[in-house]
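Everything numeric in this text was worked out from a predicted model, so none of it was measured. Order of appearance sets the numbers: ligands from 1, and atoms from 1 within every ligand.
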Amino acid sequence: MKMSIPKVCIVTGSSSGLGFLTAKKLVAKDFHVIFACRDEVKTMSLLQKMKEESGRSNFEFMELDLSSFDSIRRFVDDFHNKKLPLNLLINNAGVHCKTFKKSNDGIEYSFAVNHLGHFLLTNLLLDDLKRSSPSRIVIVSSKLHNPNVRHGNPPNFKWNLDEINNEMEYDGMIAYKNSKLANVWFSYELARRLENTGIDVIVICPGFVPTTGLHRDVNIFQRYFMYYILSLFPFARTEDFGSECEVFAAISDTLNGKTGVFMSDMKETRSSEESYNVEKAKRLWDLSEQWTHQNI
Ligand SMILES: NC(=O)c1ccc[n+]([C@@H]2O[C@H](COP(=O)([O-])OP(=O)(O)OC[C@H]3O[C@@H](n4cnc5c(N)ncnc54)[C@H](OP(=O)(O)O)[C@@H]3O)[C@@H](O)[C@H]2O)c1
């Protein structure tokens with residue numbers, strides 16, 4: 001794989017799972033990597049260990065809680081104060097909440113973190129990415145956004161916050177799928193808006209990786225089943241493979257000039273029919289602006 005090497009990269013949710021491995025691999029490839037994470041103590045202890053093992057120091061922690069618009073704005077202000085370029089943004093952080101909870105801003109948590117937080121963060125960093133172009137944005141979605149991928153009820157996107165926040169009708173898996181469908185709509189609409197700016201947008205599924213913390217909400221028996229049994233099935237992927245999918249989407253030269261494409265198993269592939277609905281993607285964009293109090 002021939003690589004072009006951008007210099008500065010932000011990886012959200014790089015304190016565990018696929019995000020941590022992705023960020024670690026980019027450190028080894030000489031990027032200056034910003035670990036954009038919510039838990040300073042946990043992340044700093046990982047970074048300290050990484051420093052001792054690798055002898056490298058081309059990385060740093062910056063606090064980012066995607067469930068809080070204030071935290072996102074603080075993160076961007078702090079990043080701007082560093083006067084760094086920005087060549088690569090990887091929107092990796094994600095949650096699957098079995099039970100209903102709300103973000104700091106009063107919005108259903110998985111939609112707030114997986115879509116709205118990344119929507120705001122990305123838009124606040126667009127000028128940085130433009131100045132450093134050619135640059136790339138990788139958005140980590142999931143094949144589960146596609147109703148044809150059978151795994152419980154299909155996504156059923158809600159178009160107003162009252163519905164999104166309806167605790168009585170909450171189904172954690174549907175909320176997760178909806179947020180991942182929003183990731184794909186957002187990616188395609190972003191790619192259309194960024195045409196000819198030198199910023200490419202790639203949206204990916206890293207594969208089903210049952211050993212990460214994504215399903216930490218499940219009970220101990222389900223966790224055991226996922227970790228020790230499901231991980232042996234041929235459709236399961238390893239954390240190493242999942243992070244390799246992220247790294248490939250982030251730096252492979254074969255993707256230069258490609259934008260608004262969905263990738264699975266490191267191959268360009270079609271996403272769900274619904275995800276290509278341009279009107280819905282635009283509507284989500286407009287609503288996301290309102291819900292994040294943004295005029296972009
Ligand atoms: N694992 C799979 O089977 C699979 C399949 C398809 C797609 N994906 C996607 O892959 C991405 C990575 O997931 P993973 O499997 O590696 O799960 P993971 O191990 O749970 O990692 C998720 C990361 O997101 C961070 N995060 C959660 N809430 C956050 C918040 N409010 N602000 C900032 N960061 C936050 C977590 O931080 P903490 O360490 O502080 O909790 C963690 O670093 C997600 O977008 C997920 O939807 C995963």
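Taking the centre of each ring, H32 and F59 stay at or above the 6.0 Å mark.
Ligand 1 has no atom lying under 4.0 Å from any heavy atom of K143.
With G242, C245, G117, S141 as candidates, the residue nearest to atom 7 (C) of ligand 1 on a non-hydrogen basis is S141. Selection from C37, G207, S179 by nearest heavy atom to atom 5 (C) of ligand 1 gives G207.
Pairs of residues two or more places apart, or lying in two chains, that qualify as salt bridge (Lys or Arg N to Asp or Glu O under 4.0 Å) and include a residue from residues 77-105 are E60-K82.
Counting heavy atoms closer than 4.0 Å to ligand 1, residue D65 contributes atoms from both its backbone and its side chain. Contacts between K42 and ligand 1, counted as non-hydrogen atom pairs separated by less than 4.0 Å, involve the side chain only. Residue contacts with ligand 1 for T12 are absent, since no atom lies close enough (heavy atoms, distance under 4.0 Å). When heavy-atom distances to ligand 1 are checked against a 4.0 Å cut-off, Y176 comes that close only through its side chain, counted from C-beta outward.
Linking ILVMFWY side-chain heavy atoms closer than 4.5 Å, directly or via other members, places I107 and F100 in two distinct hydrophobic clusters.
With a 4.5 Å cut-off on side-chain heavy atoms, S110 and Y170 count as touching.
Scanning both residues, K130 and T197, for their nearest heavy atoms gives CE-CG2, 4.0 Å.
Near L64, with a cut-off below 4.0 Å to any heavy atom, the atoms of ligand 1 are 32 (N), 33 (C). Near S67, meaning under 4.0 Å from one of its heavy atoms, ligand 1 places the atoms 31 (N).
In this structure, R270 forms a cation-pi arrangement with Y276, its terminal cationic atom sitting closer than 6.0 Å to the ring centre and no more than 45° off the ring axis.
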